[in-house]
**Q** 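Sharing a structure below in structure tokens format, with a few things to ask.
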Amino acid sequence: MTQGVRGTRDFYPEDMRVRNWLFEKFHSAARSHGFEEYDAPVLETEELYTRKSGEEITQQLYNFEDKGGRKVALRPEMTPSLARMVMARSGALALPIKWYSIPQCWRYERTQRGRGREHYQWNVDIWGAGGIEADAEIVSVLVHFFRSVGLSSEDLVIRVSSRKVLEEVLGSLGVTGGAFSETCIIVDKMDKLPAEAIEAQLTELGLGPDAISTIQSVLGIKDMGDLEGALGSTSEAVSELGSMFSLFESYGIGDWVELDASVVRGLAYYTGPVFEAHDRAGELRAVCGGGRYDRLIGTLGGKDLPATGFGFGDMVVMELLRDKGLVPDVPHGAQDVVFGMGAGLRGAAMEVASAIRSGGRSADLVLEDKKMKWVFKHAERLGAERLVMVMPDEWSRGAVKIKHLGSGEESEVPFDQL
RNA sequence: GCUGUGAUGGUGUAGCGGUUAGCACGGUGGGUUGUGGUCCCGCCGGCCCGGGUUCGAGUCCCGGUCACGGCCCCA
């Protein structure tokens with residue numbers, strides 16, 4: 001009875017303080033870059049997610065039929081909802097738009113460390129800007145966030161590549177269209193699955209051994225020079241990535257980013273630059289991932305609009321922050337505890353609390369008859385700054401006794417000077 | 001789907017065949033005190049469920065349930 005649904009979490013106030021702290025960092029990083037918040041329902045039509053590809057996300061859909069027989073799903077990610085919202089207003093939006101959200105997302109799968117069935121995923125996106133400047137701006141938001149919680153480029157690395165790398169390689173091998181996005185999904189699992197399994201899957205897609213080894217060697221590239229050597233000097237992927245890295249320098253985040261051609265991301269809709277942030281120690285799964293998805297609206301039946309963004313889960317980053325000792329002790333928040341001595345002064349205590357609250361301070365009022373001992377313990381537990389005592393003698397003089405818990409100093413303060 | 005570990009007061013835990021089942025936090029009553037944070041004392045409250053072994057099971061065995069990890073699947 002006290003247990004929730006498997007894979008879900010309860011947030012008690014002490015957990016909520018930490019969550020709010022984290023979310024506040026999300027909010028301020030996004031706002032610092034001029035992004036605006038939006039939201040959408042947790043429940044969407046299942047259709048929005050049935051892309052019938054090999055993506056984990058569509059196979060782990062938390063879906064069911066509602067009482068009207070409609071097939072619905074708890075959103076596994078925010079991007080389709082965002083695309084739906086953008087599409088619905090396509091003519092009316094002043095582009096580009098820079099929007100962010102912190103939606104709760106769901107997936108039905110076996111639970112593991114850092115993988116529940118529910119998590120909060122910070123999403124930051126830019127729509128209507130087709131250049132790599134938008135992609136670089138997105139990465140800048142990310143780094144801004146990392147720095148704001150005390151993480152450094154020694155803790156994390158953002159590996160960057162482009163879907164165009166693989167697209168050009170596969171194009172030269174005659175693989176295009178659907179086979180291309182399927183290949184991306186397989187290749188994304190390279191570090192999770194043994195090499196033989198990857199090869200078997202690629203073979204199944206109709207790729208020969210030579211093609212497979214070409215793919216593998218290109219994906220091993222971690223240097224712009226090597227990439228140019230492999231794709232040629234006229235390669236769009238090369239010039240785009242080259243420009244991006246130079247923009248990263250302008251942003252002053254060059255030490256956070258690295259070229260890594262093996263980054264392709266497991267979602268079918270990516271089309272251009274893609275990136276993932278990982279802990280340098282390599283102990284955790286990806287902290288976040290994102291990239292450009294210029295053709296998503298097209299697959300939903302609308303007119304394409306360039307877009308780029310990232311999704312950032314709350315669970316993995318919290319594990320990293322805990323490992324690094326960067327999670328702060330967030331205090332309860334009540335500045336004052338107001339206590340009326342005895343039931344006769346209950347009303348007086350309420351007057352005092354109201355005056356304090358009107359003055360802009362937060363006050364926790366003791367609602368029942370409690371002993372002094374309990375009151376002190378309570379104030380200490382809350383981490384309150386002051387204890388405001390409404391006592392018979394003082395109150396008869398129209399005053400209260402205020403004790404500063406930190407210093408132990410106390411003084412009598414007239415009611416009208418509260 | 002496979003596999004490992006675990007389940008002890010409200011919470012976090014110790015106990016590994018015979019204990020009045022221990023400790024901390026909490027709750028509650030009291031002492032000290034300036035009606036007063038520390039300190040001290042009393043009390044409340046527990047072995048996941050069902051079988052079995054044994055003179056005796058929280059402890060060992062079997063089954064179940066749940067939780068937490070790891071893997072597979074994820075085409």
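In what follows, every chain begins at residue 1, and chains take the letters A, B, ... in the order their sequences are listed. Side-chain atoms are counted along with the backbone in the values below, which use heavy atoms only and exclude waters and symmetry mates.
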**Q** Can you find a side-chain donor-acceptor pair between A:D364 and A:H378 that sits under 3.5 Å?
**A**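 A donor-acceptor contact under 3.5 Å links the two side chains.
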**Q** Is the count of non-hydrogen atoms from other residues, nucleotides or ligands lying under 6.0 Å from A:E37 atom CD greater than 12?
**A**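 Atom CD in A:E37 is packed in, count exceeds 12.
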**Q** Expressed as a whole number of Å, how far does the P atom of B:G31 sit from that of B:C68?
**A**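 It comes out at 46 Å once rounded to the nearest Å.
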**Q** Measuring only the P atom in each nucleotide, how far is B:C25 from B:U33? A whole number of Å is fine.
**A**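 To the nearest whole Å, 23 Å.
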**Q** Hey, which of these two, A:W374 or A:L405, hits RNA chain B nearer its 5' end, going by closest nucleotide?
**A**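 Result: A:W374.
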**Q** Suppose we call a contact any N or O donor and acceptor under 3.5 Å apart; does that hold for the side chain of A:K401 and the base of B:G36?
**A**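 Result: at least one qualifying N/O pair found.
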**Q** For the P atoms, the ones on B:G64 and on B:C72, what distance do you get once it is rounded to whole angstrom?
**A**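 Here B:G64 and B:C72 have their P atoms 25 Å from each other.
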**Q** Starting at NZ of A:K403 and ending at P of B:U35, how long is that distance when rounded to a whole Å?
**A**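 Going from NZ in A:K403 over to P in B:U35 covers 12 Å.
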**Q** Could you tell me which non-hydrogen atom of A:L61 sits nearest to which non-hydrogen atom of A:Y108, and how far apart they are?
**A**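 Reported closest heavy-atom pair: O-CB, 3.9 Å.
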**Q** Please determine whether ring pair (Phe, Tyr, Trp, His ring centres under 6.0 Å) holds for the pair A:F415 and A:W395, giving the CA-CA distance in whole Å, both sets of side-chain angles, and the decisive distance to 0.1 Å.
**A** CA-CA 8 Å; A:F415 177 77; A:W395 190 245; 5.7 Å; yes
**Q** Rounding to the closest angstrom, what is the interatomic distance between B:G10 and B:C47 at atom C1'?
**A**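 Rounded to whole Å, the distance is 16 Å.
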**Q** Rounding to the closest angstrom, what is the interatomic distance between B:G45 and B:C55 at atom C1'?
**A**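 Each nucleotide's C1' atom is 31 Å from the other's.
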**Q** Are any non-hydrogen side-chain atoms of A:Q60 and A:P76 less than 4.5 angstrom apart?
**A**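 A:Q60 vs A:P76: side chains apart.
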**Q** Quick test of your reading of the model: are A:R295 and A:D304 salt-bridged, counting only N-O distances below 4.0 Å?
**A**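 No, no charged N to carboxylate O under 4.0 Å.
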**Q** State the pairing partner of B:G6; accept Watson-Crick or G-U wobble contacts with both distances under 3.5 Å, and report none otherwise.
**A**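 Base partner found: B:C66.
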**Q** Without decimals, in angstroms, what is the distance between A:M389 CE and B:U33 P?
**A**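 For the pair A:M389 CE and B:U33 P, the rounded distance is 19 Å.
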**Q** Checking side-chain polar atoms at under 3.5 Å, does A:D125 have a donor or acceptor matched by the opposite partner on A:Y293?
**A**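 Looking only at side-chain atoms, A:Y293 and A:D125 do form a donor-acceptor pair, the distance falling under 3.5 Å.
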**Q** Do A:D329 and A:R17 meet the salt-bridge criterion of a basic N to acidic O distance under 4.0 Å?
**A**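 No, A:R17 and A:D329 are not salt-bridged.
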**Q** Whole angstrom is fine here: how far is it from CZ in A:F376 over to C1' in B:U33?
**A**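 Taking atom C1' of B:U33 as the reference, CZ of A:F376 is at 11 Å.
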**Q** Summarise protein proximity over nucleotides 2-7 of chain B in one line of letters, 5' to 3': B for base, S for sugar-phosphate only, - for none, counting protein heavy atoms closer than 4.0 Å.
**A** B-----
**Q** Do the charged groups of A:R9 and A:E118 touch, with an N to O distance under 4.0 Å?
**A**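 Yes.
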**Q** Distance check needed: B:U35 P versus A:D369 CG, whole Å only.
**A**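 Those two atoms, CG and P, are 17 Å apart.
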**Q** Do the charged groups of A:E154 and A:K324 touch, with an N to O distance under 4.0 Å?
**A**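 Between A:K324 and A:E154 there is no salt bridge, as every charged N stays at least 4.0 Å from the carboxylate O atoms.
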**Q** Would you mind telling me which of B:G37, B:G27, B:A67 lies closest to the side-chain atoms of A:R6?
**A**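 Nucleotide nearest to A:R6's side chain: B:A67.
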**Q** Can you check the A:I186 CD1 to B:C73 C1' distance for me, whole Å?
**A**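 In whole Å, B:C73 C1' lies 15 Å from A:I186 CD1.
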**Q** Looking only at atom P, what distance separates B:C49 and B:U35, rounded to whole Å?
**A**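 After rounding to an integer number of Å, I get 50 Å for this pair.
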**Q** Between A:E410 and A:K401, is there a salt bridge with N-O shorter than 4.0 Å?
**A**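 Salt bridge between A:K401 and A:E410, a charged N being under 4.0 Å from a carboxylate O: yes.
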**Q** Is there a donor N/O on one and an acceptor N/O on the other, under 3.5 Å, for the side chain of A:K377 and the base of B:G36?
**A**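 No.
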**Q** Round to the nearest Å and state the distance from A:R386 atom CZ to B:G37 atom C1'.
**A**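 Going from A:R386 (CZ) to B:G37 (C1'), I get 17 Å.
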**Q** Please tell me which of the listed nucleotides, B:G36, B:U35, B:U28, lies nearest to the side chain of A:K370?
**A**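 Looking only at side-chain atoms, A:K370 lies closest to B:U28.
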**Q** B:C39 pairs with which nucleotide, Watson-Crick or G-U wobble, both distances below 3.5 Å?
**A**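 When the pairing criteria are applied, B:G31 turns out to be the nucleotide that pairs with B:C39.
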**Q** Strictly by Watson-Crick or wobble contacts shorter than 3.5 Å, is anything paired with B:C23, and which nucleotide is it?
**A**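 B:G12 is the nucleotide pairing with B:C23.
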**Q** Using atom P in both nucleotides, what's the gap between B:G63 and B:G6 to the nearest angstrom?
**A**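 My reading of the P atoms in B:G63 and B:G6 gives 15 Å.
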**Q** Let me know the distance between CD of A:E368 and P of B:G27, rounded to the nearest Å.
**A**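 Atom CD in A:E368 sits about 12 Å away from atom P in B:G27.
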**Q** Taking only side-chain nitrogens and oxygens of A:Q112, does any of them come within less than 4.0 Å of OP1 or OP2 of B:C71?
**A**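 Yes, within the criterion.
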**Q** Can you tell me how far P in B:A21 sits from the matching atom in B:G9, rounded to whole Å?
**A**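 Each nucleotide's P atom is 15 Å from the other's.
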**Q** Rounded to whole angstroms, how far apart are CD on A:E319 and P on B:C68?
**A**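 Taking atom P of B:C68 as the reference, CD of A:E319 is at 13 Å.
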**Q** Among B:U38, B:G31, B:U35, which is the nearest nucleotide to the side chain of A:E380?
**A**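 Nearest listed nucleotide: B:U38.
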**Q** For RNA chain B, which residues in residues 332-357 of chain A have a heavy atom at a distance below 4.0 Å?
**A**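 Result for residues 332-357 of chain A: A:M341, sorted by number.
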